[in-house]
Amino acid sequence: MIRSIGVISAKGGVGKTVTTVNLSAALMEFGNKIIAVDADVKMSGLGLQLGMYHFPLTLNDVLNQNLSVLEAMYIHSSGLRIIPASLYLKDARISRLKHVLNDSELLDTIVMVDTPPGLEKNNLTIMRSCSEIIVVTTPELPSVADIMKTIKIAKEKKMNVLGIIVNRYKKGTEQITPEEIEYACKTPVIGIVPEDKTISRSIFKCTPAVFLNPYSPSSIEFKRIAAQLIGEEYKIPHIFRRLLWKLKK
Ligand SMILES: Nc1ncnc2c1ncn2[C@@H]1O[C@H](COP(=O)(O)OP(=O)(O)OP(=O)(O)O)[C@@H](O)[C@H]1O
Ligand SMILES: [Mg+2]
């Protein structure tokens, strides 16, 4: 069976790509066959977050030319497999995405799908192409208001919404709480990823945060969410292990 999990939000910049990269990395660390697909075919960012930018073929070509997905697959130095989108403004037949995500080459693979912001026709096509959906928001009103609309539409169209990830959460500051988000969206919050400077460092270093600093607060939460996605329990590492890792660095 091919699981394709779309990481969506109507609002831009809330952390969809960061979430896609780090959940993919965490799932890979747990021994799963993973591929991260950049369905943001106009403003691709997945490859760039990983420092990858030389792509003779991309998802755009796969969609336009009926190629096999594997022809546009690239492997990051960490071992993470990605299918990037074009870095240039190149049209793509997004209506073929569902077909591409169900390519038999991806059997037994979990496909994490990074998506563009918005709620336009193409966004809905991308959402429909995925077997499951995770919605990302920051704990601020404009972002939460946007995911309320997204989730409403997704549920009306009978899409499988796994839950909400609240990203960039800062404990003790004036923010909408995860409980309030759950209540407003009538959807469970499956993860609360804290604001973490490891994320910007990881983008600078072109390495998923989960690999760069496995014990950072965001890495631990991404691993916990990833374990939940595959029905496993993630034991938060003991504080001594975390300190030891820090001392070794
Ligand atoms: N948990 C976090 N802690 C700190 N910074 C974060 C966190 N999550 C995301 N960021 C910052 O937010 C920026 C935007 O994240 P990202 O590119 O993943 O958003 P996006 O939703 O994919 O944006 P777009 O809608 O433009 O595709 C990142 O470059 C990073 O600097
Ligand atoms: Mg993005």
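Note that these values count all heavy atoms, side chains included, but never hydrogens, waters or copies made by symmetry. Predicted model only: the values in this text are computed from it and were never measured. Counting convention: from 1, in listed order, for ligands and their atoms alike.
Interface atoms of ligand 1 facing Pro117, defined by a heavy-atom separation under 4.0 Å, are 25 (O). Ligand-side atoms of ligand 1 in range of Gly12: 25 (O), range being under 4.0 angstrom from any heavy atom.
Between the Asn32 side chain and the Met28 main chain, no donor and acceptor come within less than 3.5 Å of each other. Proximity of a side-chain donor or acceptor of Thr187 to a complementary backbone N or O of Gly163 within less than 3.5 Å is not detected. A side-chain donor-acceptor contact under 3.5 Å links Ser4 to the backbone of Ser131.
Residue contacts with ligand 1 do not include Pro116, since none of its heavy atoms lies under 4.0 Å from the ligand. Under a 4.0 angstrom heavy-atom cut-off, Gln49 registers as being in contact with ligand 1. Ligand 1 does not have Gly45 within reach: every non-hydrogen atom of the residue lies 4.0 Å or more from it.
Here the options are Ile82, Leu23, Leu27, the test is side chain to side chain contact (heavy atoms under 4.5 Å, CB included), and the partner is Ile34; only Leu27 passes.
Remark: minimum distance from atom 27 (O) of ligand 1 to any protein heavy atom is reached at Asp40 OD2, 3.9 Å. At the shortest separation from atom 15 (O) of ligand 1 among protein heavy atoms lies Gly15 CA, 3.8 Å. Regarding atom 2 (C) of ligand 1, its nearest protein heavy-atom neighbour is Ile199 CG1, 3.6 Å. For atom 26 (O) of ligand 1, the nearest protein heavy atom (residue, atom name, distance) is Gly13 N, 3.8 Å. Of the protein's heavy atoms, Ile203 CD1, 3.7 Å lies nearest to atom 28 (C) of ligand 1. The protein heavy atom nearest to atom 9 (C) of ligand 1 is Asn167 ND2, 3.6 Å. The single protein non-hydrogen atom nearest to atom 11 (C) of ligand 1 is Arg168 NH1, 3.3 Å, given as residue, atom name and distance. Residue, atom and distance of the protein heavy atom nearest to atom 3 (N) of ligand 1 are Asp196 N, 3.0 Å.
The minimum heavy-atom distance linking Val136 with Thr19 is given by the pair CG2-OG1, 4.1 Å. When all heavy atoms are compared, the tightest approach of Pro208 to Asn22 is C-OD1, 3.5 Å. Across all their heavy atoms, Val166 and Val189 have their closest contact at CG2-CG1, 3.9 Å. Nearest heavy-atom pair across Arg224 and Ile190 is NH2-O, 3.1 Å.
On a distance-only criterion, Asp114 and ligand 1 share no N/O pair closer than 3.5 Å. Taking only nitrogen or oxygen atoms, main chain and side chain alike, Thr115 does not reach within less than 3.5 Å of ligand 1.
The closest side-chain heavy-atom distance from Gln228 to Tyr234 is not below 4.5 Å. Between Tyr74 and Pro84, the closest side-chain pair of non-hydrogen atoms falls below 4.5 Å.
When heavy-atom distances to ligand 1 are checked against a 4.0 Å cut-off, Val136 has no atom that comes that close, whether in backbone or side chain. Residue-level proximity to ligand 1 for Val18 is carried by backbone and side chain together, each with a heavy atom below 4.0 angstrom.
At least one N/O/S atom of Thr17, from backbone or side chain, sits under 2.8 Å from the Mg ion (ligand 2).
With 3.5 Å as the limit, one finds a donor-acceptor pair spanning the side chains of Thr17 and Asp114.
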